[in-house]
Amino acid sequence: MLKNYMLTALRNLWRNKVYAFVSLFGLALGISCTLLISLYIQDELSYENFQENKSRIYRLSLEVELGSEMHSAASNMSAGPTLVDEYPEIEKAVRIYGMTQNATVRVGDINYQEPAFIITDSTFFDVFTFELIHGNADQVLRKPNSLVLTKSISDKYFGDKDPLGQELRVNNKMYVVDGVVMDPPANTEIQFAGLRAFSALPPQMSEQMMGDWYWMSGYTYLLTTPEFDRDKMENKLEGFYSKYIIPFQEANSVGGKYLYHFDPLDGLHFNNTREFDLPRGNILYIYVFSAVALFILLIACINFINLTLAQSSRRGREVGVRKTLGAHNSAIRR
């Protein structure tokens with residue numbers, strides 16, 4: 001019986017080549033477009049999903065008045081460590097400096113330009129989930145000249161050699177590799193080719209950064225406790241402002257609004273409201289592409305059904321013969 005159905009279907013397709021091609025091609029094209037759009041949407045919504053502590057990580061942003069009101073993704077370098085010391089709700093802080101700057105790597109007499117050899121704290125691997133394949137997460141980035149490379153950069157400069165202990169000149173300063181990390185996946189906003197210890201900054205520059213509460217020089221990420229409440233925490237910062245910010249404003253004759261906000265890591269990819277932010281996605285595109293995908297699939301289905309119904313009248317003889325031979329209703333509908 002099944003063989004008979006298959007033969008009949010093939011004969012009908014061959015007899016009506018144009019209708020068959022248009023209906024099947026239209027349905028296949030519609031499904032293909034829908035699947036491609038779905039893959040794009042899935043990729044956009046997957047940002048930071050690999051981070052084990054994603055729900056507990058926040059980026060510190062700053063709302064400040066400097067002639068005009070500004071909401072900045074960057075913040076001052078002293079805020080993170082001070083918040084960890086002052087509030088038990090905040091477990092760890094990691095600062096990132098130079099995320100958008102290229103680095104010059106010198107090997108022999110040749111200079112190479114590499115993206116984002118960022119400067120960060122030794123708590124980087126305590127906050128973020130990036131796989132360290134060489135080195136110990138508790139020991140890397142502890143010394144001023146320590147360097148962690150991504151696997152692709154390590155392979156580029158050292159090949160099959162053991163990278164640990166190797167020296168590399170970055171921005172005219174010699175560093176020693178004490179770790180190698182897997183390359184950051186595409187679905188993260190934190191992209192880098194290498195990590196340098198925060199203590200690598202010149203002492204004078206580091207001292208100025210730590211003392212200037214208005215110098216928005218880098219990004220600060222905070223690992224909070226499971227009980228952390230963002231709104232309650234922002235309300236609790238009045239004492240923090242009184243202790244640190246107001247004395248700085250009075251000493252430097254500055255004033256106006258100065259407020260910290262905690263932006264969830266899992267929402268950063270679609271947050272385009274902050275100054276000094278990195279390129280991000282747009283949640284509007286997700287809504288638009290979702291609607292387009294549904295519309296394309298609906299049109300493809302309607303087109304297929306209409307063309308199939310247009311051919312149904314020609315199958316009256318086949319249905320009549322099947323009924324005469326005692327076919328059940330389920331067999332006739334196939």
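If you read the sequence from its start, that first residue is 1, and numbering goes on from there.
Across all their heavy atoms, Ala197 and Ile119 have their closest contact at O-CG2, 3.7 Å. Minimum interatomic distance between Val180 and Pro163 (heavy atoms only, all atoms of both residues): CG2-CG, 3.4 Å. The shortest heavy-atom contact between Pro184 and Gln191 is CB-OE1, 3.7 Å.
Between Ser146 and Val140 there is no side-chain heavy-atom pair separated by less than 4.5 Å.
Remark: the Glu91 side chain and the Thr224 side chain contain no N/O donor-acceptor pair separated by less than 3.5 Å. For the residue pair Lys173 / Asn145, no side-chain donor-acceptor distance below 3.5 Å is found, with atom types taken as modelled. Residues Tyr244 and Glu86 have side chains that bring a donor and an acceptor to within less than 3.5 angstrom of each other.
Under the salt bridge (charged side-chain N to carboxylate O under 4.0 Å, His left out) criterion, the residue pairs touching residues 252-273 are Arg59-Asp263, Glu63-Lys257, Glu69-Lys257, Asp263-Arg274, with sequence neighbours excluded. Sorted by first then second residue, the salt bridge (charged side-chain N to carboxylate O under 4.0 Å, His left out) pairs that include residues 119-130, not counting sequence neighbours, are Lys92-Asp126, Arg95-Asp121. Note on residues 185-202: pairs passing salt bridge (charged side-chain N to carboxylate O under 4.0 Å, His left out), not counting sequence neighbours, are Glu189-Arg280.
Under the salt bridge (charged side-chain N to carboxylate O under 4.0 Å, His left out) criterion, Lys236 pairs with Glu89, not counting sequence neighbours. The side-chain hydrogen bond (donor to acceptor under 3.5 Å, both in side chains) check on Ser78 picks up Asn76, with sequence neighbours excluded. With sequence neighbours left out, Asp183 forms a salt bridge (charged side-chain N to carboxylate O under 4.0 Å, His left out) with no residue at all. Every residue meeting the side-chain hydrogen bond (donor to acceptor under 3.5 Å, both in side chains) condition with Lys156, not counting sequence neighbours, appears here in chain and number order: Glu114. Contacts of Arg230 classified as side-chain hydrogen bond (donor to acceptor under 3.5 Å, both in side chains), with partners at least two apart in sequence or in another chain: none. Under the salt bridge (charged side-chain N to carboxylate O under 4.0 Å, His left out) criterion, Glu207 pairs with no residue, sequence neighbours left out. With sequence neighbours excluded, the residues that form a side chain to side chain contact (heavy atoms under 4.5 Å, CB included) with Gln139 are Asn136. Applying the side-chain hydrogen bond (donor to acceptor under 3.5 Å, both in side chains) criterion to Lys143, with sequence neighbours excluded, gives no partner residue.
Taking the six-membered ring where the residue is Trp, Tyr58 and Phe228 present tilted rings, their angle falling between 30° and 60°.
Partner of Phe192 under the ring-ring contact (aromatic ring centres under 6.0 Å, His included) criterion, out of Tyr97, Phe124, Tyr219: Phe124 alone.
Other residues, nucleotides and ligands contribute more than 12 heavy atoms inside 6.0 Å of the NZ atom of Lys54. More than 12 heavy-atom neighbours from other residues, nucleotides or ligands sit within 6.0 angstrom of CD on Gln113.
Phe270 belongs to a hydrophobic cluster with Ile37, Tyr40, Ile41, Leu45, Ile283, Leu284, Tyr285, Ile286, Tyr287, Val288, Phe289, Val292, Ile296, counting contacts under 4.5 Å between side-chain heavy atoms of Ile, Leu, Val, Met, Phe, Trp and Tyr, direct or through other members.
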task = Would you check, one step at a time, whether the test side chain to side chain contact (heavy atoms under 4.5 Å, CB included) holds for Phe128 with Thr188?
result = CA-CA 11 Å; Phe128 299 117; Thr188 177; over 6 Å; no
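Less than 6.0 angstrom separates the ring centroid of Trp213 from the ring centroid of Phe240.
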